[in-house]
Amino acid sequence: MLIRKSLLAAAILLPAASFADGFGLGAHVGTNGPGLDAFYRISDRLVLRAGYNQYDLDVDRSEDDVEYDGTYAFKNAQLGLDFYPFAGGFRVSAAYVANGNELDLHAVPTGGTFSFNNVEYQGTEVKDAKANISYPGSAAYVGVGWGNPVREGKGFGATFDLGVVYVGSADVALNVECGAVVAPHTCAGLKADGEVERQQLEDDLADVPFWPVVQLGLSYNF
């Protein structure tokens with residue numbers, strides 16, 4: 001919902017800009033996934049920017065007798081301002097981010113042991129574990145960059161961005177299923193240790209509420 005609202009706001013704030021001077025389009029790739037941008041020059045020092053990223057990164061690995069598979073879904077929209085203090089290529093940026101990034105992970109033991117809350121369980125005692133990590137829908141970006149996509153004159157240009165998104169505290173969901181033949185008290189202990197593990201992971205992620213952004217882009221000024 002927040003992503004749709006951000007894109008709607010961008011459409012309202014950039015009416016008919018494609019037919020006016022000072023309008024540009026771009027594409028980028030970086031730590032927030034690949035995406036598209038639209039730019040509109042408000043003045044020589046101020047540019048309005050709207051962007052959208054979407055990309056699914058598959059996770060598939062085996063470690064310590066556990067098979068992991070899942071998807072990190074990058075999906076976010078941005079609406080903000082680029083300020084050029086020297087009316088050149090250097091800029092300072094700030095933006096509102098509608099953040100839909102999340103990680104879904106599925107782990108299946110293939111042998112040996114499975115550890116929750118530092119307690120070892122036999123692989124046969126654990127059917128599987130599913131985790132989801134998501135973030136609040138509203139976030140904020142601050143950063144610096146180089147390149148003015150809507151400079152005077154038409155044509156292509158390059159952009160570079162370096163900054164951070166404040167994503168806030170993550171919400172972690174973890175569901176652990178017991179194996180087919182497990183004693184009730186063992187299953188109860190597994191569930192309890194899984195909840196402790198979930199809380200510990202949530203606490204650890206709370207210590208890193210920022211997502212780094214390094215981004216390269218190509219733009220065209222109409």
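From a predicted model like this one, the values you see are computed outputs, not experimental measurements. Atoms considered below: every heavy atom in the structure, side chains included; atoms not considered: hydrogens, waters and symmetry mates. When a residue number appears, it is its place in the shown sequence, counting from 1.
- Cluster annotation: Val142 and Trp211 are assigned to distinct hydrophobic clusters (Ile/Leu/Val/Met/Phe/Trp/Tyr, side-chain heavy-atom contacts under 4.5 Å, transitive).
- Between atom CD of residue Glu67 and atom CG of residue Asp128 there is a gap of 13.0 Å, rounded to the nearest 0.5 Å.
- Here the closest non-hydrogen pair linking Pro149 and Gly147 is CD-O, 3.5 Å.
- Proximity of a side-chain donor or acceptor of Ser134 to a complementary backbone N or O of Glu102 within less than 3.5 Å is not detected.
- Considering only residues two or more places apart in sequence or on other chains, Arg41 meets the side chain to side chain donor-acceptor pair (under 3.5 Å) condition with none of them.
- Side-chain contact between Asn99 and Lys75 is absent, with no heavy atoms from C-beta onward closer than 4.5 Å.
- Note: the hydrophobic cluster containing Phe210 does not contain Val172 (ILVMFWY, side chain heavy atoms under 4.5 Å, direct or indirect links).
- Annotation: side chain of Ile42 is not in contact with side chain of Val47 (no heavy-atom distance under 4.5 Å).
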Item checked: Criterion side chain to side chain contact (heavy atoms under 4.5 Å, CB included) on Phe90 and Val92, from CA distance to verdict -> CA-CA 7 Å; Phe90 174 78; Val92 179; 4.0 Å; yes

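- For residues 155-174, the side-chain hydrogen bond (donor to acceptor under 3.5 Å, both in side chains) pairs, not counting sequence neighbours, are Arg49-Asp161, Arg91-Asp161.
- In this structure the side chain of Tyr96 reaches within 4.5 angstrom of the side chain of Ser138, judged on heavy atoms.
- No hydrogens or angles considered: a donor-acceptor pair under 3.5 Å links the side chains of Asp203 and Gln199.
- Side chain to side chain, Asn132 and Asp104 meet the donor-acceptor criterion of an N or O pair below 3.5 Å.
- Side-chain contact between Asn32 and Asn76: present, with at least one pair of heavy atoms (C-beta onward) separated by less than 4.5 Å.
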Contacts table for residues 176-197: side-chain donor-acceptor under 3.5 angstrom, sequence neighbours left out:
from	atom 1	to	atom 2	distance (Å)
Lys191	NZ	Val176	O	2.6
Asp193	OD1	Asn117	ND2	3.1
Asp193	OD2	Tyr121	OH	2.5
Glu195	OE1	Arg198	NE	3.0
Glu195	OE2	Arg198	NE	3.2
Glu195	OE2	Arg198	NH2	2.9
Glu197	OE1	Asn117	N	2.7

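- Taking Ile, Leu, Val, Met, Phe, Trp and Tyr as members and joining any whose side-chain heavy atoms lie under 4.5 Å apart, directly or through other members, Leu36 forms no hydrophobic cluster with any other residue.
- The side chain to side chain donor-acceptor pair (under 3.5 Å) check on Ser93 picks up Asp82, with sequence neighbours excluded.
- Taking 4.5 Å as the limit, some side-chain heavy atom of Tyr141 sits within range of a side-chain heavy atom of Val213.
- Note that CD of Glu202 and CG of Leu174 are 11.0 Å apart. Values are rounded to the nearest 0.5 Å.
- At a threshold of 4.5 Å between side-chain heavy atoms, the hydrophobic network of Ile, Leu, Val, Met, Phe, Trp and Tyr places Val29 and Leu218 in two separate groups.
- Tyr52 OH to Gln78 CD: the interatomic distance, rounded to the nearest 0.5 Å, is 10.0 Å.
- Within the 4.5 Å cutoff, the side chain of Asp56 has no heavy atoms near those of the Phe74 side chain.
- There is no path of hydrophobic side-chain contacts, each under 4.5 Å, that joins Phe86 to Phe83.
- To the nearest 0.5 Å, atoms OG1 (Thr124) and CZ (Phe114) are separated by 12.5 Å.
- Proximity of Arg151 to Asn221: side-chain heavy atoms (C-beta onward) are separated by under 4.5 Å at one or more points.
- Within the 4.5 Å cutoff, the side chain of Tyr68 has heavy atoms near those of the Leu105 side chain.
- The closest donor-acceptor contact from the side chain of Asn148 to the backbone of Gly89 lies at 3.5 Å or more, if one exists at all.
- Under a hydrophobic-cluster definition in which Ile, Leu, Val, Met, Phe, Trp and Tyr are linked whenever side-chain heavy atoms come within less than 4.5 Å, directly or via other members, Val167 and Leu201 are assigned to the same cluster.
- Between Asn53 atom CG and Asn101 atom CG the span is 8.0 Å, to the nearest 0.5 Å.
- Partners of Phe160 by side-chain contact (heavy atoms from CB on, under 4.5 Å), not counting sequence neighbours, listed by chain and number: Leu162, Val214, Leu216.
- The number of heavy atoms from other shown groups lying within 6.0 Å of OH (Tyr55) does not exceed 12.
- Residue Asp44 qualifies as open at atom CG: its count of foreign heavy atoms under 6.0 Å is 12 or below.
- To the nearest 0.5 Å, the span separating CG on Leu205 from CD1 on Ile133 amounts to 5.5 Å.
- You'll find the ring centres of Tyr220 and Phe222 inside the 6.0 Å limit.
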